[in-house]
Amino acid sequence: MTDLLYVHGGTPLSGEITVRGAKNFVSKAMVASLLGETPSELRNVPQIRDVGVVTGLLELHGVRVSADAEGGVLRLDPTDVESAHVADIDAHAGSSRIPILFCGPLLHRLGEAFIPDLGGCRIGDRPINYHLDILRQFGAVVDKRENGIHIRAPRRLRGTKITLPYPSVGATEQLLLTAVRAEGVTELTNAAIEPEIMDLINVLQKMGAIISVDTDRVIRIEGVDRLVGFRHTALADRIEAASWASAALATGGDVYVRGATQPEMTAFLNTFRKVGGEFAIDDDGIRFYHPGGDLKSIVLETDVHPGFMTDWQQPLVVALTQAKGLSIVHETVYENRFGFTDALRGMGATIQVYQDCLGGRPCRFGQRNFSHSAVISGPTPLTAADIEVPDLRGGFSHLIAALTAQGTSAVRGISLIDRGYENFTAKLEALGAKFDRD
């Protein structure tokens with residue numbers, strides 16, 4: 001299939017789509033299966049590229065993976081885990097950042113691990129120093145070489161006390177996957193507590209881990225000698241659900257997202273309603289729709305959970321171009337998340353970005369010359385344009401803009417969207433979107 005999509009915009013999205021397991025959880029649960037001595041089964045797994053990448057990496061390390069793709073079930077047997085060739089890991093991982101999370105489980109199983117150069121969405125520095133520092137504190141030896149980073153454990157890893165300077169999701173995942181089989185007690189202060197983190201804790205507890213979470217962002221793990229496999233159903237992808245909700249709002253549509261759940265989306269639902277969108281929740285999903293009339297401008301600040309999620313910001317900004325008045329969005333999680341607005345301005349949006357902390361409290365980016373606040377003036381009609389997808393979340397936001405705009409937009413690089421949005425072109429068809437693939 002071509003990597004180019006011609007989107008004929010101006011038609012409200014209407015209909016029903018289904019979201020399955022969260023991209024930001026499923027891949028981590030797959031990695032956790034390495035820790036078990038018996039097979040695991042993961043359900044509600046989406047068919048996305050990241051799942052394919054992790055499947056390949058697991059297979060390179062000797063894990064037997066079988067899938068019922070239509071049913072969304074993965075079975076993972078780590079009985080014969082072994083070291084993989086450096087070149088194979090590098091070639092298979094591509095731009096994925098997942099290999100860093102293999103380190104803890106592989107150090108426990110094999111005593112060594114390797115990390116190639118890491119990629120990911122172009123939204124900021126996203127350094128891996130948190131990860132490497134954590135591994136060192138457990139007793140791992142980190143050796144940086146020309147082809148990547150080699151890590152080894154000369155003896156059994158030992159529990160430690162760690163305080164994160166920022167509640168990093170990736171660093172919290174790293175600690176959990178490493179601490180559960182380390183000797184003694186590990187304590188993490190200023191931990192991330194996102195729903196995907198809590199579901200990973202659920203998985204690890206099913207495997208035999210002993211983990212407690214305090215209300216002050218402190219996680220304590222008592223290391224155990226042995227873990228077994230798990231059977232678990234992944235929580236729904238709240239990022240994908242919010243993306244389709246924003247698409248419904250921007251296009252003036254009505255979309256039922258089967259599989260979406262309320263508890264993980266509380267902050268988004270409040271903001272969606274403030275902007276002027278409406279929703280209806282039932283046992284099977286959430287209906288998101290534009291009720292008519294003017295959308296309202298808002299002041300919004302992203303934050304770690306339970307705040308407004310940074311991954312919700314980009315698609316909602318597209319909807320805010322159609323809101324009446326001045327909206328202010330202050331990004332406090334990633335320092336470079338407004339690069340996607342260049343394309344929106346090219347389509348007629350009035351958006352200005354600033355280095356100041358606008359609309360909220362001062363944040364860690366305020367004195368570092370990062371353009372991390374945006375002012376959106378609307379409503380402004382969007383017109384079709386040629387668009388190059390920059391990354392996963394920015395790419396879906398560009399897709400929403402193309403669906404909103406009048407005329408036909410050429411959207412290139414859409415394969416990046418496959419990383420986190422299952423069968424998104426089939427879902428577009430189900431919602432009545434008009435597009436062609438060359």
Side-chain angles (χ1 to χ4, degrees), residues 13 15-33 40-58 65-76 96 98 101 121 169 173 194-203 206 230-248 255-266 268-269 279 281-288 305 309 311-312 315 392-393 395-396 399-400 414-431 433:
L13 298 185
E16 177 182 318
I17 53 98
T18 298
V19 297
R20 291 205 274 190
K23 165 190 173 290
N24 287 348
F25 162 76
V26 167
S27 54
K28 321 306 167 55
M30 293 172 67
V31 174
S33 70
S40 294
E41 181 178 286
L42 184 60
R43 299 182 292 271
N44 200 30
V45 178
Q47 296 181 56
I48 55 176
R49 188 183 304 170
D50 271 20
V51 169
V53 169
V54 181
T55 295
L57 290 170
L58 287 171
V65 183
S66 59
D68 171 10
E70 290 302 316
V73 179
L74 277 182
R75 295 176 181 85
L76 309 111
S96 172
I98 285 294
L101 294 178
C121 289
V169 170
E173 293 165 340
E194 271 66 11
E196 296 80 11
I197 293 284
M198 303 310 295
D199 215 23
L200 179 59
I201 290 174
N202 292 338
V203 161
K206 287 180 178 181
F230 63 84
R231 296 187 67 203
H232 189 78
T233 300
L235 83 168
D237 196 315
R238 62 192 176 123
I239 303 174
E240 183 179 0
S243 298
W244 290 112
S246 295
V255 176
Y256 181 77
V257 183
R258 184 172 296 278
T261 51
Q262 180 182 13
E264 297 81 20
M265 298 190 69
T266 301
F268 178 83
L269 295 173
F279 57 86
I281 302 167
D282 60 34
D283 291 341
D284 299 316
I286 304 176
R287 175 193 170 202
F288 297 96
H305 189 77
M309 190 181 193
D311 291 289
W312 293 334
L392 172 60
R393 305 304 174 190
F396 198 88
L399 182 62
I400 295 174
I414 60 167
S415 60
L416 281 170
I417 299 175
D418 290 323
R419 279 189 53 221
Y421 293 88
E422 181 182 37
N423 299 327
F424 76 93
T425 52
K427 292 176 182 178
L428 287 175
E429 288 180 352
L431 297 177

**Student:** Please check this pair: side chain of E194 against backbone of H305, looking for a donor-acceptor N/O pair closer than 3.5 Å.
**Tutor:** yes

**Student:** So, the side chain of Y256 versus the backbone of G285: is there a donor-acceptor pair under 3.5 Å, distance only?
**Tutor:**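 At least one qualifying donor-acceptor pair exists.
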
**Student:** Roughly how far apart are L74 CG and R43 CZ, rounded to 0.5 Å?
**Tutor:** 11.5 Å

**Student:** What's the separation between atom OG1 in T55 and atom CG in D50, rounded to the nearest 0.5 Å?
**Tutor:**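 Reported value, rounded in 0.5 Å steps: 10.5 Å.
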
**Student:** Please assess N24 against V169 for the test side-chain contact (heavy atoms from CB on, under 4.5 Å), listing each intermediate value before the final yes or no.
**Tutor:** CA-CA 10 Å; N24 287 348; V169 170; over 6 Å; no

**Student:** Does the side chain of E173 reach to within under 4.5 Å of the side chain of I197, using non-hydrogen atoms?
**Tutor:** yes

**Student:** Write down the atom of G420, the atom of L392, and the distance for their closest heavy-atom approach.
**Tutor:**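 Minimum heavy-atom contact is N-CD1, 3.5 Å.
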
**Student:** Is any side-chain heavy atom of L269 less than 4.5 Å from a side-chain heavy atom of Q262?
**Tutor:**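 Yes; the side chains approach each other to less than 4.5 Å.
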
**Student:** Determine, using ring centers only, whether W244 and F396 are less than 6.0 Å apart.
**Tutor:**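 Close enough - the centres of the two rings lie under 6.0 Å apart.
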
**Student:** What heavy-atom pair brings F230 and V203 nearest, and what distance separates the two atoms?
**Tutor:** CD2-CG1, 3.6 Å

**Student:** Taking N44 for the side chain and A234 for the main chain, is one N or O donor matched with an acceptor at less than 3.5 Å?
**Tutor:** yes

**Student:** Quiz question: by atom type and distance under 3.5 Å, do the side chains of T261 and E264 form a donor-acceptor pair?
**Tutor:**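 Yes - a donor-acceptor pair under 3.5 Å links their side chains.
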
**Student:** Look up atom CG in L428 and atom OH in Y421, then write down how far apart they are to the nearest 0.5 Å.
**Tutor:** 11.5 Å

**Student:** Measure from the side-chain N and O atoms of R49 to the backbone N and O of S415, and report whether any donor-acceptor pair falls under 3.5 Å.
**Tutor:** yes

**Student:** Taking Q47's backbone N and O only, do any of them form a donor-acceptor pair with E422's side chain (distance below 3.5 Å, no angle check)?
**Tutor:** yes

**Student:** Where is the tightest heavy-atom contact between D199 and T233, given as atom of each residue plus distance?
**Tutor:** OD2-O, 4.2 Å

**Student:** Would you indicate whether the side-chain heavy atoms of L235 and P195 approach each other to under 4.5 Å?
**Tutor:**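 Yes, at least one pair of side-chain atoms sits under 4.5 Å.
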
**Student:** Could you walk me through whether I48 and D418 pass the side-chain contact (heavy atoms from CB on, under 4.5 Å) test, one step at a time?
**Tutor:** CA-CA 6 Å; I48 55 176; D418 290 323; over 6 Å; no

**Student:** I want to check something: taking the side chain as every heavy atom from C-beta on, are L76 and L58 in contact at a cut-off of under 4.5 Å?
**Tutor:** yes

**Student:** Could you give the distance from CE (M309) to CD1 (I239), rounded to the nearest 0.5 Å?
**Tutor:**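 Reported value, rounded in 0.5 Å steps: 3.5 Å.
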
**Student:** Give the C-alpha distance, both sets of side-chain angles, the deciding distance and a yes or no for side-chain contact (heavy atoms from CB on, under 4.5 Å) between L399 and I414.
**Tutor:** CA-CA 9 Å; L399 182 62; I414 60 167; 5.8 Å; no

**Student:** Mind listing the closest non-hydrogen atom pair of W312 and R238 along with its distance?
**Tutor:** NE1-O, 3.2 Å

**Student:** Between K28 and E196, is there a salt bridge with N-O shorter than 4.0 Å?
**Tutor:** no

**Student:** Give the minimum heavy-atom separation between V26 and G21, together with the two atoms involved.
**Tutor:** CG2-C, 4.0 Å

**Student:** With salt bridge (charged side-chain N to carboxylate O under 4.0 Å, His left out) as the criterion, how do D237 and K23 come out once you've worked through the C-alpha distance, each side chain's angles and the decisive distance to 0.1 Å?
**Tutor:** CA-CA 7 Å; D237 196 315; K23 165 190 173 290; over 6 Å; no

**Student:** Check the pair V73, L42 against side-chain contact (heavy atoms from CB on, under 4.5 Å), reporting the backbone distance first and the verdict last.
**Tutor:** CA-CA 6 Å; V73 179; L42 184 60; over 6 Å; no

**Student:** Quick one: CZ on F279 to CD1 on I286, what's the gap to the nearest 0.5 Å?
**Tutor:** 7.5 Å

**Student:** Between E429 and K427, does at least one N-O distance fall below 4.0 Å, as a salt bridge requires?
**Tutor:**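 The answer is no: the pair does not qualify as a salt bridge.
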
**Student:** List the atom of L200, the atom of A32, and the distance in Å for their closest heavy-atom pair.
**Tutor:**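 Closest pair (atom of L200, atom of A32, distance): CD1-CB, 4.3 Å.
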
**Student:** So how far is it from S40 OG to R231 CZ, rounded to the nearest 0.5 Å?
**Tutor:**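 One finds 11.0 Å between OG of S40 and CZ of R231.
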
